[in-house]
Undergrad: 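Take a look at the following structure, please.
The figures that follow rest on heavy atoms only: side chains count, while hydrogens, waters and symmetry mates do not.
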Amino acid sequence: MSLSGKTMFISGASRGIGLAIAKRAAADGANIALVAKTAEPHPKLEGTVYTAAKEIEQAGGQALPIVGDIRDGDSVASAVEAAVAQFGAIDICVNNASAINLGSVTEVPLKRFDLMNGIQVRGTYSVSQACIPHMMGRENPHILTLSPPIRLEPKWLKPTAYMMAKYGMTLCALGIAEEMRDAGIASNTLWPRTMVATAAVQNLLGGDEAMGRARKPAVYSDAAYVILNKPAREYTGNTVLCEDVLLESGVTDLSVYDCVPGAELGVDLWVDTPNPPGYTGP
């Protein structure tokens, strides 16, 4: 498997999971165009689009940092045009950008609802739509969207606003899979079984205690790498979980991804257990 010479366009990769996915591809020598809003350092969030670009280059890839808002169609079009001008085409599109608020329907104001659905749903659609013309005819083109399987059991239908936004990403990805099937452009979604150690977990979901029950971002980036190397015409329209992908690829010990060895892992939304059925460890 290798992504050498491939060009990835990824949204929201200034830190966390998106940056980990970009750096994993960069280790093969891939080109990475990353679009994000963070141009200046944030008081609570590490990294900017420019510091991320430096990390990508240090990992072995070429980076094109772009400041932009994926909710703005013109901004997205300009970003994609810049990527194509720099690297020639696009082989991989990763929809990573996301906003989170776990409040109930009585707590989330419309402004925040619009932000989440704008980034998650409109952003996924706009980035995918802009990239697709430049993916046509490429060898093994993939769109990967970081969103969950759609679970309709009552307990998974809340919180309403965040559920709608994340499910919207998945529906977009599945629709694209069918529309692009004949063109040979794969579209799949990927989601972790457990919490992953990111700024969102640190700042919004429980601080150090939650981080101690999370897996490292590498669980996501390694799984994404496996999917992006699969044959696009054969592997499309799937909603899969990171740990399942890794085990199917030959990984036998998921504990290497634990932030704290032996800790009880926190299960992510829309997932029932931290490990695939039948997994008993190394």
Side-chain angles (χ1 to χ4, degrees), residues 10-12 16-18 20-21 92-102 116-117 119-125 127-128 142-181 185-198 200-201 205 213-215 217-232 234-249 251 254 257 265-279:
I10 181 170
S11 65
I17 291 165
I21 290 173
I92 299 165
C93 168
V94 179
N95 293 302
N96 164 69
S98 191
I100 183 171
N101 186 309
L102 300 179
M116 287 194 286
N117 282 274
I119 293 174
Q120 273 97 297
V121 185
R122 182 184 174 91
T124 296
Y125 186 91
V127 169
S128 301
H142 276 268
I143 299 171
L144 183 63
T145 300
L146 308 193
S147 60
I150 294 177
R151 303 280 302 271
L152 297 180
E153 300 95 324
K155 70 174 181 177
W156 296 128
L157 297 180
K158 58 183 183 180
T160 302
Y162 187 61
M163 175 272 294
M164 290 175 69
K166 295 307 291 189
Y167 280 14
M169 291 179 76
T170 299
L171 287 171
C172 184
L174 293 176
I176 290 170
E178 297 314 309
E179 292 189 344
M180 293 295 106
R181 189 178 291 275
I185 299 176
S187 177
N188 299 286
T189 75
L190 182 63
W191 190 250
R193 281 185 169 273
T194 71
M195 293 186 294
V196 175
T198 63
V201 170
L205 300 180
R213 297 193 299 117
R215 284 185 168 130
V219 74
Y220 226 136
S221 59
D222 287 354
Y225 182 82
V226 171
I227 290 175
L228 297 175
N229 277 284
K230 288 182 177 290
E234 299 173 16
Y235 193 84
T236 188
N238 302 288
T239 58
V240 292
L241 301 175
C242 296
E243 291 83 348
D244 302 49
V245 170
L246 291 170
L247 289 182
E248 289 170 5
S249 73
V251 172
L254 293 174
Y257 296 106
L265 294 166
V267 181
D268 208 344
L269 289 169
W270 304 296
V271 180
D272 294 314
T273 61
N275 294 311
Y279 173 72

Undergrad: Could you tell me whether Glu153 and Arg151 make a salt bridge, using a distance below 4.0 angstrom between a side-chain N and a carboxylate O?
TA: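 A salt bridge is present here (some side-chain N lies under 4.0 Å from a carboxylate O).
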Undergrad: Go through the steps to decide whether Cys242 and Leu190 satisfy the test side chain to side chain contact (heavy atoms under 4.5 Å, CB included), and finish with yes or no.
TA: CA-CA 6 Å; Cys242 296; Leu190 182 63; 3.7 Å; yes
Undergrad: Between the side chain of Arg193 and the main-chain N/O of Thr273, is any donor-acceptor distance below 3.5 Å?
TA: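 Yes; at least one donor-acceptor contact below 3.5 Å.
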Undergrad: Would you name the heavy atoms of Pro148 and Thr189 that are closest together and state the gap between them?
TA: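 The pair with the smallest heavy-atom distance is O-OG1, 4.5 Å.
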Undergrad: Out of curiosity, Ile227 CD1 to Asp222 CG, how far, rounded to the nearest 0.5 Å?
TA: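 Ile227 atom CD1 to Asp222 atom CG measures 11.5 Å (nearest 0.5 Å).
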Undergrad: For a side chain to side chain contact (heavy atoms under 4.5 Å, CB included) check, start with the C-alpha distance between Val240 and Asn188, then their side-chain angles and the critical distance, and finish with the verdict.
TA: CA-CA 8 Å; Val240 292; Asn188 299 286; 5.6 Å; no
Undergrad: Quick check: does any side chain N or O of Trp270 sit under 3.5 Å from a backbone N or O of Trp156, one acting as donor and the other as acceptor?
TA: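 Checking the backbone N and O of Trp156 against the side chain of Trp270, a donor-acceptor pair under 3.5 Å is found.
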Undergrad: Report the distance from atom NZ of Lys166 to atom CG of Leu146, rounding to the nearest 0.5 Å.
TA: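 Reported to 0.5 Å precision, the distance equals 7.0 Å.
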Undergrad: Ion pair present between Arg215 and Asp268, side-chain N to carboxylate O less than 4.0 angstrom?
TA: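 A salt bridge is absent here (no side-chain N lies under 4.0 Å from a carboxylate O).
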Undergrad: For a side chain to side chain contact (heavy atoms under 4.5 Å, CB included) check, start with the C-alpha distance between Thr194 and Glu243, then their side-chain angles and the critical distance, and finish with the verdict.
TA: CA-CA 9 Å; Thr194 71; Glu243 291 83 348; 3.9 Å; yes
Undergrad: Would you give the length of the straight line joining atom CG of Leu247 to atom OH of Tyr279, rounded to the nearest 0.5 angstrom?
TA: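 Reported value, rounded in 0.5 Å steps: 6.5 Å.
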Undergrad: Could you tell me which non-hydrogen atom of Ser187 sits nearest to which non-hydrogen atom of Ala173, and how far apart they are?
TA: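 Taking every non-hydrogen atom into account, OG-O, 2.7 Å.
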Undergrad: Taking the side chain from Thr145 and the backbone from Thr170, do they hold a donor-acceptor pair closer than 3.5 Å?
TA: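 Judged by distance alone, no pair lies under 3.5 Å.
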Undergrad: Using 0.5 Å steps for rounding, measure from the CD1 atom of Ile100 to the CD1 atom of Ile119.
TA: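 Reported value, rounded in 0.5 Å steps: 12.0 Å.
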Undergrad: Spell out, as yes or no, whether a donor-acceptor pair under 3.5 Å connects the side chain of Asp244 to the backbone of Pro276.
TA: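 It does not hold such a pair.
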Undergrad: Would you say the side chain of Cys93 lies within less than 4.5 Å of the side chain of Val127, judging by non-hydrogen atoms?
TA: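 Answer yes - side chains close enough.
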Undergrad: Counting only heavy atoms not in Tyr125, do more than 12 fall under 6.0 Å of its OH?
TA: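 Atom OH in Tyr125 is not crowded, with 12 or fewer foreign heavy atoms closer than 6.0 Å.
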Undergrad: Measure the shortest side-chain to side-chain distance between Thr239 and Leu174 over non-hydrogen atoms and say whether it is less than 4.5 angstrom.
TA: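 The answer is yes; the side chains approach within 4.5 Å.
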Undergrad: Please find the pair of heavy atoms, one from Ala186 and one from Tyr235, that lie closest to each other, and give the distance.
TA: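 Of all heavy-atom pairs spanning Ala186 and Tyr235, the closest is CB-O, 3.3 Å.
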Undergrad: Using a 3.5 Å distance criterion without hydrogens, assess whether the side chain of Ser11 forms a donor-acceptor pair with backbone atoms of Asn95.
TA: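 Between the backbone of Asn95 and the side chain of Ser11 there is no qualifying donor-acceptor contact (under 3.5 Å).
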Undergrad: Do you know which two heavy atoms are closest between Asn101 and Met116, and how far apart they sit?
TA: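 Heavy-atom minimum between the residues: N-SD, 3.3 Å.
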Undergrad: Find the distance between CD1 (Ile150) and CG (Leu171) and round it off to the nearest 0.5 Å.
TA: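 Between atom CD1 of Ile150 and atom CG of Leu171 there are 3.5 Å.
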Undergrad: Grab the two heavy atoms, one from Val121 and one from Gly168, that are nearest each other, plus how far apart they are.
TA: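 For Val121 versus Gly168, the nearest heavy atoms are CG2-CA, 3.8 Å.
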Undergrad: Could you tell me whether a side-chain N or O of Thr236 sits under 3.5 Å from a main-chain N or O of Ala232, the two making a donor and an acceptor?
TA: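 It does not hold such a pair.
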Undergrad: Between Lys158 and Leu102, is there a donor-acceptor pair closer than 3.5 Å when you use the side chain of the first and the backbone of the second?
TA: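 Flag not set: sc Lys158 to bb Leu102 has no pair under 3.5 Å.
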Undergrad: Taking Lys230's backbone N and O only, do any of them form a donor-acceptor pair with His142's side chain (distance below 3.5 Å, no angle check)?
TA: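 Yes, the answer is positive, given that a donor and an acceptor are paired below the 3.5 Å cut-off.
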Undergrad: Just how far is it from atom CG of Leu241 to atom CG of Asn275, taken to the nearest 0.5 Å?
TA: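 Leu241 atom CG to Asn275 atom CG measures 11.5 Å (nearest 0.5 Å).
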Undergrad: For Asn96 and Gly12, work out which heavy atoms get closest and say how close.
TA: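 Between these two residues, the closest heavy atoms are ND2-O, 2.6 Å.
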